[in-house]
Amino acid sequence: MRTTSLTVGLVLTALVTAGCAGDGTDTEGDGTATDAPTLRPTASPSVTASIFMPPGQSEAAITYDETAVPEGATSDIQVRVENGETYVQFTGTGLEADRDFGAHVHTQPCGEDPADAGPHYQNEADPAAGGGEPSTDPAYANPENEVWLDFTSDDGGNGFAAATVPWEFRDGEANSFVLHDHHTMTEPGEAGTAGDRLACVTVAF
């Protein structure tokens with residue numbers, strides 16, 4: 001997996017977050033590109049910084065739609081675990097401007113086929129899902145049981161989102177971060193769905 005050092009990841013995040021923060025408004029809940037959380041865990045982060053490339057050219061960050069996620073766009077993902085809670089932050093640059101994205105943590109590493117990343121990671125697995133059927137029950141497909149990082153890119157193609165969940169990932173069961181075509185649905189029968197998979201970053205959460 002192509003990753004950079006902690007220093008490079010933090011510098012990238014600092015630069016992009018500074019550009020995205022704009023008026024400094026804290027609206028983390030709506031997942032827009034101008035969000036900037038006011039409180040963050042103090043534990044040292046795990047950082048995965050990558051550059052999106054077409055399938056076959058990278059195993060770290062793959063774009064399946066070069067309009068939405070052009071080759072050369074960047075991803076910086078930070079993960080902090082503290083006191084039984086997990087904080088996940090995504091910062092992207094070079095994305096399609098003024099566009100909604102859905103984003104979730106998935107179970108399997110990225111591959112040349114968008115489906116290779118598997119389903120969403122769930123803290124409590126939906127017993128009705130599996131066998132190729134995704135979880136669409138809001139009791140399981142929700143931002144408390146999964147990690148959702150929906151956002152809207154700004155006019156410069158920058159994106160930022162962050163989420164905190166009151167649990168920790170099980171070792172080896174969360175392995176990628178996937179960008180989707182639109183914000184995540186919440187209604188029964190479609191909860192957790194966000195359209196086509198546009199890009200994927202392999203991350204050992």
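Residue numbers count from 1 along this sequence.
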Non-hydrogen atoms of [X] and [Y] that approach each other most closely:
| X | Y | value |
| --- | --- | --- |
| S153 | A97 | OG-C, 3.4 Å |
| P70 | G94 | CD-O, 3.1 Å |
| A68 | R99 | CB-NE, 3.7 Å |

Do [X] and [Y] sit in the same hydrophobic cluster, where Ile, Leu, Val, Met, Phe, Trp and Tyr count as joined when their side-chain heavy atoms come under 4.5 Å apart?
| X | Y | value |
| --- | --- | --- |
| L149 | V201 | yes |
| V88 | F101 | yes |
| V105 | F52 | yes |
| V203 | Y64 | no |
| W148 | L198 | no |

For this session: Could you pull out all residues at least two apart from Y140 that satisfy ring-ring contact (aromatic ring centres under 6.0 Å, His included)?
Result: none
From [atom1] ([X]) to [atom2] ([Y]), nearest 0.5 Å:
| X | Y | atom1 | atom2 | answer |
| --- | --- | --- | --- | --- |
| C200 | H180 | SG | NE2 | 9.0 Å |
| M185 | D150 | CE | CG | 11.0 Å |
| D65 | R197 | CG | CZ | 14.5 Å |
| Q108 | S176 | CD | OG | 7.5 Å |
| T93 | I51 | OG1 | CD1 | 8.5 Å |
| T86 | E168 | OG1 | CD | 5.5 Å |

Should [X] and [Y] count as side-chain neighbours, where that means a heavy-atom distance under 4.5 Å?
| X | Y | result |
| --- | --- | --- |
| H183 | T152 | yes |
| L179 | F151 | yes |
| V178 | H104 | no |

For this session: Any pair with a residue in residues 120-141 that passes salt bridge (charged side-chain N to carboxylate O under 4.0 Å, His left out), sequence neighbours left out, goes on the list, sorted by first then second residue, please.
Result: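 Listed once each, the pairs would be none.
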Exercise. Is there a side-chain contact (heavy atoms from CB on, under 4.5 Å) between F169 and V147 once you walk through the steps?
Worked result: CA-CA 10 Å; F169 291 111; V147 176; 3.8 Å; yes
Exercise. Is it true that a side-chain atom of T184 and a backbone atom of A194 form a donor plus acceptor pair closer than 3.5 Å?
Worked result: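 Not at all, since once roles are kept as given, no pair shorter than 3.5 Å links the two residues.
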For this session: Please work out whether the ring planes of H120 and H106 are parallel, tilted or perpendicular, with thresholds of 30° and 60°.
Result: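 Ring orientation, 0 to 90° scale: perpendicular.
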Problem set entry | Contacts of type side chain to side chain contact (heavy atoms under 4.5 Å, CB included), residue P54, not counting sequence neighbours | Q57, E66, E71
Exercise. Going by atom types alone, do Y87 and E85 pair a side-chain donor with an acceptor below 3.5 Å?
Worked result: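 No, no side-chain donor-acceptor contact under 3.5 Å.
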For this session: Report yes if the distance between the aromatic ring centroids of F205 and Y121 is under 6.0 Å, otherwise no.
Result: no
